[in-house]
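Atom set for the values below is all heavy atoms of this structure, side chains included, hydrogens, waters and symmetry mates excluded. Treat the numbers as computed from the prediction; the structure is a model and nothing was measured.
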Amino acid sequence: MRQLFFGLQARFLLAAGCALLVVMVLVGLMLTRQAAAQREVLHNSREVVSQVFEQSVRERGTAVASSLADTLVNPLYYADLSAIGTLVRSTTAQKAVSYVLVYDTEGELIHDGSMDVAGYGQRMNDPFAAAAVGANALLVQESPSILEVTLPIGIGGQRLGGVRVGMEMGPVRVQEAAAMHALSERMEDARQRQMGWIYGLMALLVAFAVAMAFYVQRMLVNPIRWLGRAARRIERGDYSVSAPASRRRDEVSELLRSFDRMSQSIARHDREVRQMAYTDALTGLTNRLAFREALDHRLLRARAAGHGLALLFIDIDEFKRVNDTLGHEAGDEALLQFAQRIAAAVDQMGGDEALLARFGGDEFVILIGSGERRVADTATALAERLVVELGRPLQVQQREIFLGSSIGITLYPDDAVDATALLKNGDIAMYQAKLAGKHCFRYYSRAMDHAVERRLHLEQELRGAWERGELRLVYQPIYRTRDRVLTGVEVLLRWNHPTLGAIPPTVFIEVAEQSGLIQRIGPKVLREACEQATKWPRNAMGEELFISVNVSPRQLRNGDLVSEVEASLHSSGLAASRLHLELTETAVIGDEMLAVSLLEKPA
């Protein structure tokens, strides 16, 4: 399951969205609180306006009642109904005055402003009447539609009656509603203007968040994404990355430039590492790893096109002698000259697609493909040329040395169809060229596999053959020619295998020499031969017989020969003069300096 990627930009947008949401919630709470405050203000304002209007009506009614009461004293005292009516009607004609009632001390109506005064002399029985008649001072009574002001009328401490002035509340309520409506409209206008500012600020905030997102995207997210993509390309081995051009001078731009320099450095180091990994350090030729990759690729191409290929394995004969006698610097110089000669021959005869590689040490490999000629013909002609060219003397450290080469050739698809088998077959063919006497070339054949398998079997059987008693020493007498007297014995090693029978020394000695087993068998042969020689009687002339033991080239190169001889003589008690060591021409020629130094050591 693919893990969800939560990038930097997404994180920023989430944070900005959360911040914007918090701001919107706060603004919403503020608007809700503002609306509640506005409703509370309207409610309080309505109460205040209502109180103001009521107070205004109350004050007006009180003023009207007081003025009327003062003017009614004389008419009421003299019972002048005409004057009372005139005063009442003039007062009733005033705006907002609903009625005027003049009554006596008993609460009976004296005048209401009408022409006929239908209720004259009747006791007032309306809801406000009882309180009004009983009032001894200014009395204000109120109903939803009427505000009544009652004021007693008297003279000289004598109560004459009273007057009731009713003020209409309907117009007041209308004015009050109009005032509240105007106030509500103004407050709504103010709220709308405030909401407009809030919406404008919210829009600016959203625009700022979008601008910041774009800024972060351009200045931070895009560079970081480029770094991520570039890192993944470098991880895949693609070093062709280049930082985008920018005039920025900040930490991110410095990071991009540093990453660009790092990628260039990695690319340069990768090229150097690849060169080191795929190139031989001494000769500059393709090495084993690069050759194997190229061989796999060429095999695919050859298989698709139906072409043939040839591998030539070249091994320099007796190259170790150069290192041992002249030093490794001389050996490197000889290798360079050999590489130059091989490269020149390959350039001239190998074809355009020929590939030369050094596998290490003194081993070179050539891959050639089919051209106008058959690949086998090209391989044969090239091998013949190389045998001649590599057999010419080399000038190394102002000395002329003669070496040579053994070349093994294997063909695709005749001998094998995969790289591993081809490389193995080429090595086997080169080994057969060495067995054939060196300084030649051999083609791989199926019979070589059987020979190699037989050699490996002999090597396995030879291990432990001494301990199993299969190896034994035979002694060949040595006579002096002038008097035919026995003077010594040469030791010969024989191998009688329980199933393979008697194996010729030329076969198993070579196996022991090449596998290194001779370094284990040789000292045992030397020790047993010395012990056997101490048991022999003197010859007819009374002389002690000597014993001759062959020393292999590997024993000579090992450097332990002197200590092995000393140990054998010491353990057996044989006199040093009675032990003769035989060195083959191959051993002496291969390591002249070492042979001389060993032979010159005192006994």
Side-chain angles (χ1 to χ4, degrees), residues 280 282-288 291 295 309-326 328 330-351 354-368 375-397 399-411 415 422-445 448 451-452 510 513-514 553 557 585-586 589-591:
D280 179 61
L282 177 63
T283 62
L285 298 175
T286 302
N287 64 5
R288 180 188 294 268
F291 184 86
L295 178 59
L309 297 174
L311 282 181
L312 283 75
F313 274 67
I314 306 172
D315 189 84
I316 301 176
D317 299 330
E318 306 298 339
F319 176 72
K320 189 177 184 305
R321 178 164 55 89
V322 178
N323 284 334
D324 293 339
T325 57
L326 301 179
H328 288 282
D332 291 344
E333 185 177 347
L335 281 174
L336 285 173
Q337 294 187 33
F338 262 93
Q340 292 171 358
R341 292 184 182 182
I342 296 173
V346 171
D347 290 341
Q348 293 180 7
M349 306 184 63
L355 178 62
L356 171 61
R358 181 190 175 206
F359 271 23
D362 58 346
E363 190 173 48
F364 296 85
V365 181
I366 303 171
L367 172 63
I368 57 177
V375 68
D377 296 338
T378 303
T380 300
L382 180 58
E384 291 174 348
R385 172 72 176 274
L386 289 172
V387 169
V388 174
E389 290 295 326
L390 301 181
R392 293 190 294 107
L394 301 174
Q395 294 294 328
V396 178
Q397 295 183 351
R399 297 181 60 176
E400 190 176 72
I401 61 175
F402 292 86
L403 296 174
S405 62
S406 298
I407 303 175
I409 305 174
T410 183
L411 302 176
D415 300 332
L422 281 173
L423 294 172
K424 178 180 73 70
N425 294 345
D427 194 49
I428 292 174
M430 181 268 293
Y431 174 73
Q432 294 298 322
K434 284 190 175 296
L435 294 181
K438 303 179 181 179
H439 199 58
C440 62
F441 67 89
R442 289 289 183 270
Y443 271 91
Y444 169 81
S445 64
M448 293 181 180
V452 172
E510 182 180 3
E513 179 72 23
Q514 293 179 356
R557 291 193 298 268
E585 295 84 351
T586 303
I589 293 175
D591 294 285

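Partners of Asp427 by salt bridge (charged side-chain N to carboxylate O under 4.0 Å, His left out), not counting sequence neighbours: none found. Annotation: side-chain contact (heavy atoms from CB on, under 4.5 Å) contacts of Glu510 (sequence neighbours excluded): Leu435, Gln514. Checked against ring-ring contact (aromatic ring centres under 6.0 Å, His included), Phe291 has the following partners two or more places apart in sequence or in another chain: Phe359.
A salt bridge links Asp280 and Arg358; the closest N-O separation between the charged side-chain nitrogens and carboxylate oxygens is under 4.0 Å.
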Practice prompt. For side chain to side chain contact (heavy atoms under 4.5 Å, CB included), just list the numbers for Leu411 and Tyr443, CA-CA rounded to whole Å, side-chain angles, deciding distance to a tenth of an Å, and then say yes or no.
Written response: CA-CA 8 Å; Leu411 302 176; Tyr443 271 91; 4.1 Å; yes
Practice prompt. Walk me through it: do Leu312 and Leu382 pass the test side chain to side chain contact (heavy atoms under 4.5 Å, CB included)?
Written response: CA-CA 9 Å; Leu312 283 75; Leu382 180 58; 4.1 Å; yes
Practice prompt. Begin from the C-alpha positions of Thr410 and Leu423 and carry the test side chain to side chain contact (heavy atoms under 4.5 Å, CB included) through to its verdict.
Written response: CA-CA 8 Å; Thr410 183; Leu423 294 172; over 6 Å; no
Worksheet entry | Check against side chain to side chain contact (heavy atoms under 4.5 Å, CB included), Gln337 and Val396 | CA-CA 9 Å; Gln337 294 187 33; Val396 178; 4.0 Å; yes
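Although no hydrogens or angles enter the test, the distance criterion places a donor-acceptor pair under 3.5 Å between the side chain of Asp317 and the main chain of His439. Within the 3.5 Å criterion, the main-chain N or O of Gly408 finds no donor-acceptor partner in the side chain of Gln432. In this structure, the side chain of Arg341 engages the main chain of Arg392 through a donor-acceptor pair within 3.5 Å. A donor-acceptor contact shorter than 3.5 Å is absent between the side chain of Asp362 and the backbone of Phe319.
Contact of the Ile316 side chain with the Leu335 side chain is registered, since non-hydrogen atoms from C-beta on lie closer than 4.5 Å. Two residues are said to be in side-chain contact when any heavy atoms from C-beta on lie closer than 4.5 Å; Leu394 and Leu403 meet this criterion. Side-chain contact between Asn425 and Asp415: present, with at least one pair of heavy atoms (C-beta onward) separated by less than 4.5 Å. Using a 4.5 Å heavy-atom threshold, the side chains of Arg288 and Glu363 count as touching.
Looking at every heavy atom in both residues, Phe313 comes nearest to Leu422 through CE1-O, 4.5 Å. Residues Ala339 and Leu356 share a closest heavy-atom pair of O-CD2, 4.3 Å. What you find for Ala354 and Val346 is that their closest heavy atoms are CB-CG1, 3.5 Å. The nearest pair of heavy atoms linking Ala429 to Arg442 is CB-O, 3.7 Å.
To the nearest 0.5 angstrom, Asp315 atom CG is 8.5 Å from Lys438 atom NZ. Between atom CD of residue Glu389 and atom CZ of residue Phe338 there is a gap of 11.0 Å, rounded to the nearest 0.5 Å. With rounding to the nearest 0.5 Å, the separation of OG in Ser405 from CG in Leu386 is 6.5 Å. Residue Leu355 holds its CG atom at 11.0 Å from CG of Leu309, rounded to the nearest 0.5 Å. Rounding to the nearest 0.5 Å places CD1 of Ile407 at 6.5 Å from CG of Leu390. Taking CD1 of Ile314 as the start and CZ of Phe441 as the end, the distance is 12.0 Å to the nearest 0.5 Å.
Checked by atom type, the side-chain pair Gln397/Glu333 shows no donor-acceptor distance below 3.5 Å.
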